[in-house]
Amino acid sequence: MPTNRRAFLAQTLLTAASTASAQTPAPRWGGPVLDIHLHPRRGADGEIRHMRGSGVTHALLLGRASAQDEIAAKMKQHPGKMFFFASVDVAQPGAVDSLRSAARRGAIGFGELKSRVAVDGREMRAVYDLATELNLPVLLHFQEVPQFQGDGTFNTGIARLPAILKAYPKTVFIGHADAFWANISADVPTDTAYPAGRVKPGGLTDRLLAEFPNLYGDISANSGRNALGRDPDFMAGFLARHQNKLLFGCDCSCDDGRGANQRSQQPLIKGRCVARETLTALRELSPPEVFRKIVWANGSNLFKIRA
């Protein structure tokens, strides 16, 4: 077969597959679903496209405080469906002032906060002070191991998080990312962001969720999906124990809620939508009443969002 004909047929099949994917009905999850970790997309309808494709009904948009006007314009097109969390680099001058301004203009929380600082350093403490003053939650990215060459570490010192939770009892903290989910196990390797294998009971995250009423867990990204997949028996019990403290999120890079242009190469989510994969895993690991809490009730109550 001539080369140009093979190329034509390959492109035709690719286009057909893409069209079929776009026409696949969005999954139904038995009720409303709140995604607490959706980053703003390019284009006017990128966020709602991802939500509809993955079967999500409501979302928290985690965006830079400096982009609040642009994000607010998108939210206005879909009233009551999207809400704003403001993010800054806390190491930069004026970070706290930017967060205060964002809150005055409608931000309902701060995050995802992902800076190259210590979780108990002066920069983060200034944010916690503001969050306590304004009674707003804080979503933190915990990362102790670089994910790739040139990557960094963020909000380091998760072992010192208990002291922060004690010092700020009136502020809601939401844990997210590699170090938070690696610490479901008492045995945490220092050479990988995504541990594999069975979980050793007694992990820091498990203990803190049980001990501190002001700590919640954001099950999103590959870190959350990896935690759900590494030891299903343990995770079924974990979800049951902390059913009132866990929140579904996606932190997905795909374009359409179906996996198109997913940029992660991690095995559990490569070529797939993280929202769909995580929701499927949660449904398989938990009974319906627990699933409903994690994907809707906990977040809607915490952030005062109505269906």
Side-chain angles (χ1 to χ4, degrees), residues 10-11 13-43 45-62 82 112 141 143 147-148 151 176-178 180-182 184 192-197 199 217-232 234-236 238-239 246-286 291-292 294-296 299:
Q11 182 59 47
L13 290 171
L14 182 62
T15 301
S18 177
T19 301
S21 175
Q23 294 175 347
T24 302
R28 296 182 181 273
W29 305 110
V33 173
L34 172 62
D35 178 353
I36 75 152
H37 202 124
L38 182 64
H39 287 290
R41 262 69 173 153
R42 294 180 180 178
D45 297 318
E47 297 82 6
I48 204 72
R49 183 184 180 204
H50 190 278
M51 291 166 62
R52 288 173 175 167
S54 58
V56 166
T57 58
H58 300 71
L60 301 184
L61 302 185
L62 313 185
M82 295 184 284
E112 161 189 18
H141 179 111
Q143 184 172 325
Q147 295 179 6
F148 50 84
D151 193 21
H176 158 69
D178 315 354
F180 187 81
W181 289 111
I184 58 173
T192 179
Y194 306 118
V199 170
D218 164 13
I219 309 176
S220 66
N222 186 64
S223 54
R225 180 66 186 90
N226 184 72
L228 292 172
R230 61 181 289 193
D231 189 341
F234 173 86
M235 283 308 297
F238 181 92
L239 296 176
L246 300 174
L247 308 162
F248 160 72
C250 78
D251 198 8
C252 181
S253 64
C254 89
D255 292 340
D256 59 355
R258 294 175 167 86
N261 297 319
Q262 170 62 264
R263 288 173 281 284
S264 175
Q265 297 301 303
Q266 296 298 325
L268 288 174
I269 61 173
K270 182 179 180 180
R272 303 173 181 175
C273 172
V274 183
R276 287 185 178 226
E277 292 300 310
T278 301
L279 287 165
T280 298
L282 286 170
R283 188 165 60 181
E284 291 174 349
L285 289 168
S286 56
F291 178 78
R292 293 305 322 152
I294 296 172
V295 307
W296 175 254

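Just the heavy atoms: all of them, side chains too, but no hydrogens, waters or symmetry mates, feed the values below. Along the sequence shown, residues carry numbers from 1.
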If you look at every heavy atom in G53 and R276, which pair is closest and at what distance? O-NH2, 2.7 Å
For a 4.5 angstrom cut-off between non-hydrogen side-chain atoms, does N222 reach V274? no
When rounded to the nearest 0.5 angstrom, what distance separates CD in Q262 from SG in C273? 7.5 Å
Flag the pair F180 / D218 as yes when at least one side-chain heavy-atom distance between them is below 4.5 Å, and no otherwise. no
Between CG on residue L279 and CZ on residue F291, distance to nearest 0.5 Å: 5.0 Å
Determine whether the side chains of N226 and Q266 contain a donor N or O and an acceptor N or O closer than 3.5 Å. no
Rounded to the nearest 0.5 Å, how far apart are OG1 of T278 and CD1 of I269? 8.0 Å
Run S286 and M235 through side-chain contact (heavy atoms from CB on, under 4.5 Å) and show every step you take. CA-CA 9 Å; S286 56; M235 283 308 297; over 6 Å; no
Where is the tightest heavy-atom contact between G299 and L247, given as atom of each residue plus distance? N-CD2, 3.4 Å
What's the verdict on side-chain contact (heavy atoms from CB on, under 4.5 Å) for F248 and S220, showing C-alpha distance, side-chain angles and the deciding distance? CA-CA 6 Å; F248 160 72; S220 66; over 6 Å; no
D151 and Q143: CA distance, side-chain angles, deciding distance, side chain to side chain donor-acceptor pair (under 3.5 Å) verdict: CA-CA 10 Å; D151 193 21; Q143 184 172 325; 2.7 Å; yes
Just how far is it from atom CG of L60 to atom CE of M82, taken to the nearest 0.5 Å? 11.5 Å
So with a 6.0 Å cut-off around CZ of R28, is the heavy-atom count from everything else above 12? no
Going through the checks in order, is the side-chain contact (heavy atoms from CB on, under 4.5 Å) test met by D35 and M51? CA-CA 8 Å; D35 178 353; M51 291 166 62; 5.8 Å; no
So, does D256 use its side chain to make a donor-acceptor pair with the main chain of G259 at under 3.5 Å? yes
Does R41 use its side chain to pair, donor to acceptor, with the backbone of R49 at less than 3.5 Å? no
Check: V33 main-chain N/O paired with T57 side-chain donor or acceptor under 3.5 Å: yes
Which heavy-atom pair separates A196 from R230 by the least distance, and what is that distance? O-NH2, 3.6 Å
Test item: R263 side-chain N/O and S253 main-chain N/O as donor-acceptor pair under 3.5 Å: yes
Going by the angle between their ring planes, with limits at 30° and 60°, are W181 and F238 parallel, tilted or perpendicular? perpendicular
Quick check on salt bridge (Lys or Arg N to Asp or Glu O under 4.0 Å): which of R272, R258, K270 does E277 satisfy it with? R272
Among I219, L282, V295, side-chain contact (heavy atoms from CB on, under 4.5 Å) partner for L246: I219
Stepwise side-chain contact (heavy atoms from CB on, under 4.5 Å) check, L38 with C250: CA-CA 6 Å; L38 182 64; C250 78; 3.9 Å; yes
Once the angle between the rings of H176 and H37 is folded into 0 to 90°, is it parallel (under 30°), tilted (30 to 60°) or perpendicular (over 60°)? tilted
Indicate whether the side chain of H39 and that of E47 have a donor and an acceptor atom separated by less than 3.5 Å. no
Working to the nearest 0.5 Å, report the span between OG of S264 and CD of Q147. 8.5 Å
H58 and W296: aromatic ring centres closer than 6.0 Å? yes
Between atom CG of L285 and atom CZ of R283, what is the distance when rounded to the nearest 0.5 Å? 12.0 Å
